[in-house]
Every structure is written in C-alpha cells, then in structure tokens.
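Order of the sequence lines fixes the chain letters, A, B, ..., with proteins taken first and strands second; residue numbering starts at 1 for each chain.
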2 protein chains.
Amino acid sequence: MDIEAALKRCPLFSGLEDREITEIEAISASKRYPKGTSIFSEDQEAKGFFVVISGRVKIYKLSPEGKEQILHIISPGQTFAEAALFDGSTYPAFAESLAETRVLYFPKESFVNLIRKNPQMSLNMIASLSHWLREFVSLVEELSLKDVSARLSQYLMDLSAQSGRSSERGIEFKLDISKSQLASQLGTISETLSRALRKLRDRRIIEVEGKKITILQKDALEEISLGIPL
Amino acid sequence: MDIEAALKRCPLFSGLEDREITEIEAISASKRYPKGTSIFSEDQEAKGFFVVISGRVKIYKLSPEGKEQILHIISPGQTFAEAALFDGSTYPAFAESLAETRVLYFPKESFVNLIRKNPQMSLNMIASLSHWLREFVSLVEELSLKDVSARLSQYLMDLSAQSGRSSERGIEFKLDISKSQLASQLGTISETLSRALRKLRDRRIIEVEGKKITILQKDALEEISLGIPL
DNA sequence: CGCCACATTGAAGGCAGTCAAAGGTGGTGG
DNA sequence: CCACCACCTTTGACTGCCTTCAATGTGGCG
C-alpha cells in the first residue's frame, strides 16, 4: 500500500491539492507495528493521531475483570485518535494492531496548526467526527436495547451488504476477524456468540463454515436484527 | 434566561466577536416547547440544529418494545444535533423537552455557510464534537463493561462533584431528574434502579430522601463505580 | 507430528428485566 | 383548602438471557 494513495482516499484529506498532501505527508512519521502490538493505552497522553496505511487496528476498552469491548476496527485509509487531540489530553481507550500494520503518525502540534490554517481540513474533520458520533449512537443503541442475536444479525447484514456476493444458496461472505474478536465487538463473549450463531444455523437462516457465512434467509435475519422477538 | 447570554456561554460560539454573535443570532429562530413535547424524531430529515436557552431536552433512543435509552440531557447553553448536519441527512435519535424549554434553531444551510466562513467556529465545532465523542466512549464502556450499581455510583460521584455541598453527614445534593429518567440514562429501568439505590442505602454508603442524596462513604462509592465487586 | 490459540458445547448461577400490586407525591380543580 | 387523580416509586415473585466454569474439539503452523 502506497502512502500517498492511502492519504488520498482518506476522507480527512479529500478535496485537498497535491501540494497540500505533500505538505501533510511532510509533518508525519511512518511507523510499523507487528501483529498484536500496543499502539497506545487508555489515559496515556495524546501526543498525536494516526492514519492506517496497511493492516488493521482495534480500538477497545477493558473492564477491571479483563472483558474487552471493541469500539471500532480501523482499516487502511481510516484515521483514529483525532478526537483525542481536541478534547482532553489523553487517549480515551486502547489501540492495538490486529495484524502487521503501518501507520502515519501526526504529532499534535503540527497537525493542529495545519488544521488552523486549512478551512477545508476543518470541514473534513467535522464530517469525520460527525460520522464517528453517529456510529457510537448506533453502538449505544445496540448494547442497551438489543440482545446478542439482534446485534449479531445486524453485523451480518452490514457485512454482507459491504462484501457479500450472491451464490445459488444465498449471500456469501467471510468474517474479517476472529469470532472472539467479533464477540468483543458485539459486546459479548465467544461462548455466547457461538451459541447465537448456532441458533441462526439451526433455524436455517444462515450457514457457517469457519469464517465463511452464507445468508439463506435475508428477510428473517433482518427481522431479528430489528429486535423482533423470535 | 437571555438569548445573548446563553449564546455567549455556549462553547460553540466562544472566542467570537460581539459583531459575529449578532450575525449568528440573526440567522436563528427562537422556538418554545412545553414540557414533554417532541422536538424531532429519529430518522426525520435534519434541517437544523439547536441551542438550549432555558429548560432541558433529552436525546434518546427507543427499542421496538418501548424501552428508552437516554443518550444525553441537554442543559441551557449547550447545543444538540450539530453532528446530524454534517453526516447523513437525518437525526439519529429522538429529542423531547423535559420541561418548558426555549431554544434557538439554526437552519442547516445558513449555519453551514457560517461555519465555512468562520475558522474559529470550525475549531469550536471540532472541539465540541470531540467532547461528545469522549462522552459516548464512556457511555459504551459503562453499558458494556459495568453493572447497574457501578453505573449508578459513577453517576452519583459525577453529580456530587458538580453540584454537591458537604454537610456534617457527608456530601449532599439533589437529583436533577426523576428516577425513572435516571434509570433510562443508566441503561436500565426504574425497578432495577430502585433496588440498586436500596442496596447502597442498606450498606450505609448513601442516604436517599426523595431526590435528596447524601453520600456517606465516598471511598466505597468510588470503589463500586470502578467495578470492584461488592 | 504435536502444540496452541481459537472454537464449541454443557451445566450452573447471577444480574437484570417483566409482571403485578401497593405506597407515595405533586398538581389541579372543585 | 382539600380531595382526587395521574404519575412516579418501591417491593415482591418469577423468568430468562447472558456469563462463568469446565471440558472437549479443531485447525493452522512451526
């Protein structure tokens, strides 16, 4: 993955001149993290923010007992920890690479200056933060108002819409993370996720083969995702 | 409550000239909602955003079965629905007045123009969104990783820090919303909240008299809020 | 081939939600 | 001023979803 290509398809930098992109690149530092490396920890001082070039990063919280709640998984071209630069002085969660990952790192000071000088970037930042906010509203809604089956169904619907391809049996796609990580993202644990998947399988709504999922009854899955009782 | 006073202590407009404040006021419309009035509904087209002048507004989600999750309660001087203007075209939740409420309403188009022209306001908006984001991270953490007692204790600690006064028995303050609304904000229902309060009372950690709370053992309350088992 | 992390399944227990009923409170109109 | 009513709050009994604990299965990789 090329650095400039990643920057250009990053919403935060869209609508900028090549000249400006070059300027932006100039204040950044490239960093590399092997799989499973901590990028920053909760409450650590927020000295900069990140753009993922390749690999993937999970942003998560931990309970005192060690249960993990994934807030978001960041893919190439996406940014993270922007908000930490503008409110408070620490990162609000943990960040860890899920695979070998390359990022661009932007030190707080120079990036804030850049934004001050560049109205277009301000607007992009507002759009980006607004989008994050909407995602968090969804997450809160799901955690508070829906059961695990509904959350799982929603996730499967979303993933199928974005990476599914129809086969003769239904819509087919692969989970892009391990099932225990998926459990963390859905606010539950792997045992419960396993049982929820099995229930959907037993009712012939989906098929599961390792990471491969086939949606057999899209309508039924959607109903469950909306929280309509079984 | 005076309109100009409310605008001036609104973080979104801080650092602006009086001239600019006047300009801002010019594009807004004043609206009044009796207690319990819907201001907008989920999925309704987002045509503007709001500043609360007086009264209070709850932003909330509803489950299909009618359970309510309050996302935030907005007090005078605070804004809401800004993010809806910059991502997607609909409001992501419901808004309803908790008391007789006056707001300033800013139509989307003219407000977006204002922001485009005013870099300081862009920065304020970024700060404001970043702050919201941090609050939502906390909410997700609490809902997913903490039990009702911990969430309640956290809430009481926060409220006591902001409006408590020490008496001879402990730190005293009043709940600023009804207990059923508090339950909704904590992601539970009034029966469960009632039992959680009773448990704290039985253990002589707090005293409860209607809306009046006295914290007798701050240390114990803090431990519970951190999720340390009883 | 054997290890190790991931995944699945079963049994048991707990926290919180549901249902139902009784007590309390504030506001309104007679 | 008081009585009534609507709404909020509390309590009890019960249910159920999810977690915990424990054990077994499985697949990829050195």
To the nearest 0.5 angstrom, please state how far the CG atom of B:L156 sits from the CG atom of B:L197. 7.0 Å
What is the nucleic acid contact for B:R198, judged by heavy atoms within less than 4.0 Å: base, sugar-phosphate only, or nothing? sugar-phosphate
For B:K146 and D:dC18, give me the distance from atom NZ to atom P, rounded to whole Å. 22 Å
Spacing of A:L186 atom CG relative to D:dC17 atom C1', expressed in whole Å: 16 Å
Using a cut-off of strictly less than 4.0 Å, decide whether A:K211 has a side-chain nitrogen or oxygen near OP1 or OP2 of D:dG27. no
To the nearest Å, give me how far apart CG (A:L193) and P (D:dC17) are. 17 Å
Strictly by salt bridge (Lys or Arg N to Asp or Glu O under 4.0 Å), give each pair with a member in residues 163-179 of chain B just once, sequence neighbours left out. B:R56-B:D176, B:R169-B:E207
Would you tell me whether B:S194 and B:E191 have side-chain atoms, one donor and one acceptor, within less than 3.5 Å of each other? no
Specify the separation, in whole Å, of atom CG of A:D147 and atom P of D:dC17. 8 Å
Would you grab the first and last nucleotide of DNA chain C (5' to 3') that comes under 4.0 Å of any non-hydrogen atom in chain B? C:dA16 to C:dA20
Between B:L197 (CG) and D:dC8 (C1'), how many Å, whole number? 14 Å
Classify the side-chain pair B:E42/B:Y91 by whether it contains a donor and acceptor separated by less than 3.5 Å. no
Is there a donor and acceptor pair, one atom on the side chain of B:R201 and one on the base of D:dT10, closer than 3.5 Å? no
Start at the 5' end of DNA chain D and walk down; is the nucleotide closest to B:R195 or to B:S178 reached first? B:S178
Between B:E65 (CD) and D:dC17 (P), how many Å, whole number? 12 Å
Inter-end axis angle, the helix from C:dC1-D:dG30 to C:dG30-D:dC1, with every axis fitted to five base pairs (rounded, 10 degrees): 30°
Please tell me whether A:Q181 and A:S178 have a donor and an acceptor in their side chains that are separated by less than 3.5 angstrom. no
Starting at CD1 of A:I215, measure out to CD1 of A:I205 and round the result to the nearest 0.5 Å. 10.5 Å
Using whole Å, what does the distance between atom C1' of nucleotide D:dT19 and atom CZ of A:R151 come to? 13 Å
Judged by modelled atom types alone, do A:D158 and A:Q162 share a side-chain donor-acceptor pair under 3.5 Å? no
On the 0 to 90° scale, with breaks at 30° and 60°, tag the B:F80-B:F50 ring pair as parallel, tilted or perpendicular. parallel
Parallel, tilted or perpendicular: rings of B:F86 and B:F111 (30°, 60°): perpendicular
For atom CG of A:L143 and atom P of D:dT19, their distance in whole Å: 11 Å
Taking OP1 and OP2 of D:dC17, is either one under 4.0 Å from a side-chain nitrogen or oxygen of A:T192? no
Which is true for A:G36 with a 4.0 Å heavy-atom rule: it touches a base, it touches only sugar-phosphate, or it touches nothing? nothing
